[in-house]
Every structure is written in C-alpha cells, then in structure tokens.
Amino acid sequence: MTRRLSIGSPILPGATLGVLGSGQLGRMFAIAARRMGYRVHTLSPDDDTPTGQIADLEIKAAYDDLDAVREFARNVDVVTFEFENVSSAATDAAEQFAPVRPAGGVLHTTQHRLREKTFLSASGFPVTPNETVRSLDELQAALGRLGTPAVLKTAGWGYDGKGQSKIESVAQAEAAWQKLNTSEAILEAWVPFRMEVSVVAARGLDGSYADFGVVANSHRNHILDLTVAPADVSEKVRRDATEIARAILEKLQVVGVLCVEFFLTHDDELLVNELAPRPHNSGHFSFDACLTSQFEQQLRAICGLPLGSTELLRPAAMSNLLGDLWSGGEPNWAAACRFPNVKLHLYGKSDARPGRKMGHITALADTPADAARAALAARDALLQQGL
Ligand code: AMP
C-alpha cells in the first residue's frame, strides 16, 4: 500500500522512509527517524544488519535486483541511501514509485572519482591537480607532468583509501598500475596538507541550507581516526569552506546531506578532495554535540521539513572504534563509560575484523583540544585489563 503525496507536501511522522544500504549510517538515521515517529525500511544484500536491527523492515536483496528495488520503493514514501555505490538503474527503478533524495544524478556524479573531479573542476571548485589515466603509458606521461609523489586512485568504487596507491618515483609506476588492476584511474598530485577538514551540510527541498561548521579530521591507514569540532582554522578558512560547501550543494541541487572533504594547505588554500552524498563519519559528533544531528537533518531534508539548528552545544571530538580493538578479546566497555562526558556508540556488528568500523566514541569538553584528549583516552581505556 502506498500513500501518494503531492509534490511539495511534507512527509510527516507516521510515514515510512526507505534506506538503500544497511550500515551504521542507516542505523543512526533509523534511530533519528524512530525518535520522530517515522517507520523505516532498509534494503541491502545482507541480514541482521546495523540498520536492519533498528528498522521496521529489513529486506535482503541485491541492489541490482530491480524488481526487489521497485517493490521496496512501492512501500515507502521516500527513498534515501546510506551506501552510495547504488547504480543509476536501481535509483531509476526506485524513482518510479517514490521520490529518491538526494536524486540519483547526485549519486551518479559522486560515486565515480573521475566524474566527481570533472564536475568540480568544470564548476570552478578548487581541486588537487589531477589527470585521467587509462594505461601504463598514460600513467608514466602523467607522472612526468604532475611529478612525484602522487596518488593513483581507481575511478570508481573507492572509499577509506581502498583502490589507491601512493607512487614515490616513476620507477614505481608499473607496480602501482598492476596493483590497481583497473582500466580507468585518476592520478593526483600529492598534497602536503597542513590539515584535513570537512564540512557536513544539508540542503532542504525548498533550497534552504545549513552546515555543521568546519571540523578537523585525522586518518590512520587512510581511515578516519579522529574528528575534532570545531577545527582550529582562521575565520577566512571557515567562511571559504562553508561557502564552497553551500555552492556545491546548490550546484548539485542536493536534497539531503552531503559531506565535502578538503585538504587545507600550508598557505591556507582549500582543495576539495572528495564528496559523499550522505551523512559522513566526520559528522558523527553531531549526534551528541549538536541541537540537530546530521541524521535528523537528512530526515528533515528528504521529508521536506524545515532544517533544524546545527548549533554546536559544546566542543566535541569523535574517535572511531575499529575491529582491531577486539584483537585481545572484548574491549573494556565499563572503563570507557567511566569518562562522564563520553558517549559510546556501537553499531551491532558481530564480526570484528581489523579495519572494520564497529562504533565510535564522542567526547564533549570545554575546548576542542580537551575533547580530543578525552575521546582518545576513553578509547585507550577500552584496552585496559580488569574491571
Ligand atoms: P580518499 O579515499 O581519496 O579520501 O583518500 C583517503 C586519504 O588518503 C585522505 O583522507 C588523505 O589522508 C590521503 N590522500 C588521498 N589523496 C591524497 C593526496 N592527493 N595528497 C595527500 N594525501 C592524500
């Protein structure tokens, strides 16, 4: 049964929201949706998933099972996603029965590094110097122009540093090309950045805009390790980064949440590294530290409701909990909970593989630096022996 809504009328509590994908982003979206009285359906190729454990209905089907996607869309009021590598065929199939927000075109642009970089450059946004590479010869020629070090990245399906290889000298080109095992890649100049920052932003159905400010991110093995909010940057950088984010969401006509990741150079120049058309790991702090979280904001945007205040209630930091923490047995949860200003989030994943995102910790404090120290200390405490 489908309740068809005329375009423009908000999707109100009691309605059913469909999420393509079933990881932790969908889980936290579903928690926000449940809190506001919505129902949630999720579709992914897995079961007993982080999102499925919270949702009203978990459908196990491949994303390219278009009949399953159509059936899924027929039973919800709006479709969103938490996994961006869904094909245009799937979003088109869903669109026949329910609005898809952000639209499939946003996904199509941002799920492929070459398309994304082309969009950004053509629209005048600052990006890392880069070239398209389709053979070893082209790679060697591009290295000649861009110099070394450089990073070779597959054109599609990349996240958390997967599908990329750093090249220190031209002599490493052949090995890097073989390792990537692809027919289409992008070579980027290595940016000796001062800091990595991101802006998680939302755009409503009416074109309204709100962002969660500029936050600082540090990575370990290409995976986000720590986010600190707000980032210690100048007022000008803050203004420039949020203006770039606003312009990107506007240009892409996003309805929903999108994260812009930047490199900040030693000259305070911002270069866009990557876009993610959904809530982002670097916005998880907002769940505890902001008046409206990135997940509630996604819900408000896709339902055509007014966006909420993104006010940061206190400086905050988020440390990721990867599967590696389980290598010596179950982490010491009680020890982390002993920090009174720390919130523990676990995603309900049973298989703690190294590098797998299992949860995160958010710490609130009087200063961003104190919050960062607390988020790291609470995570270290997980490895303490005994009670
Ligand atoms: P990505 O998957 O493209 O976001 O890359 C993951 C991480 O690798 C980034 O957050 C950076 O820490 C690092 N990285 C990627 N590309 C570059 C680059 N061109 N210069 C310097 N570091 C990079």
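Ligands are counted one by one from 1 in listed order, and the atoms in each one are counted from 1 as well.
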Under 3.5 Å, which donor-acceptor pairs link side chains of residues 187-195 to any protein atom two or more places apart or in another chain?
| from | atom 1 | to | atom 2 | distance (Å) |
| --- | --- | --- | --- | --- |
| Glu188 | OE1 | Lys153 | NZ | 3.2 |
| Glu188 | OE2 | Lys117 | NZ | 2.9 |
| Glu188 | OE2 | Lys153 | NZ | 3.3 |
| Arg194 | NH2 | Asp268 | OD1 | 2.7 |

Next item on the list: Tell me, please, which residues at least two apart from Asp56 pass salt bridge (charged side-chain N to carboxylate O under 4.0 Å, His left out).
Entry: Arg34, Arg39
Next item on the list: Look at the side chain of Ser286 and the backbone N and O of Gln294, then say whether any donor-acceptor pair between them is shorter than 3.5 Å.
Entry: yes
Notebook entry, point to check: Which bit of Ala150 is near ligand 1, meaning a heavy atom under 4.0 Å away: side chain, backbone, both or neither?
Noted result: neither
Next item on the list: For His219, take its heavy atoms, then give the atoms of ligand 1 lying under 4.0 Å from any of them.
Entry: 10 (O)
Check: Given the side-chain rings of His112 and Phe119, with only the six-membered ring counted for Trp, is the space between their centroids under 6.0 Å?
Finding: no
Note to self: Between Pro354 and Ser327, is there a side-chain heavy-atom distance shorter than 4.5 Å?
What the structure shows: no
Next item on the list: Report the part of Lys166 (side chain from C-beta onward, or backbone N, CA, C, O) that has a heavy atom under 4.0 Å from ligand 1; answer both or neither where that applies.
Entry: neither
Next item on the list: Mind checking whether Asn217 contacts ligand 1 via backbone (N, CA, C, O), side chain (CB onward), both or neither, at a 4.0 Å heavy-atom cut-off?
Entry: neither
Checklist line | Of the listed options Arg220, Glu188, Glu196, closest to atom 10 (O) of ligand 1 (non-hydrogen atoms) | finding: Glu196
Next item on the list: Could you say whether the N/O atoms of Asn273 and ligand 1 ever approach to under 3.5 Å?
Entry: yes
Check: Should the pair Arg74 and Phe97 be classed as cation-pi, given the thresholds of under 6.0 Å to the six-membered ring centre and 45° from the axis?
Finding: yes
Note to self: Quick test of your reading of the structure: of Val151, Thr128, Val191, Leu271, whose heavy atom lies closest to atom 20 (N) of ligand 1?
What the structure shows: Val191
Checklist line | Any N or O of Ala189 closer than 3.5 Å to N or O of ligand 1 | finding: yes
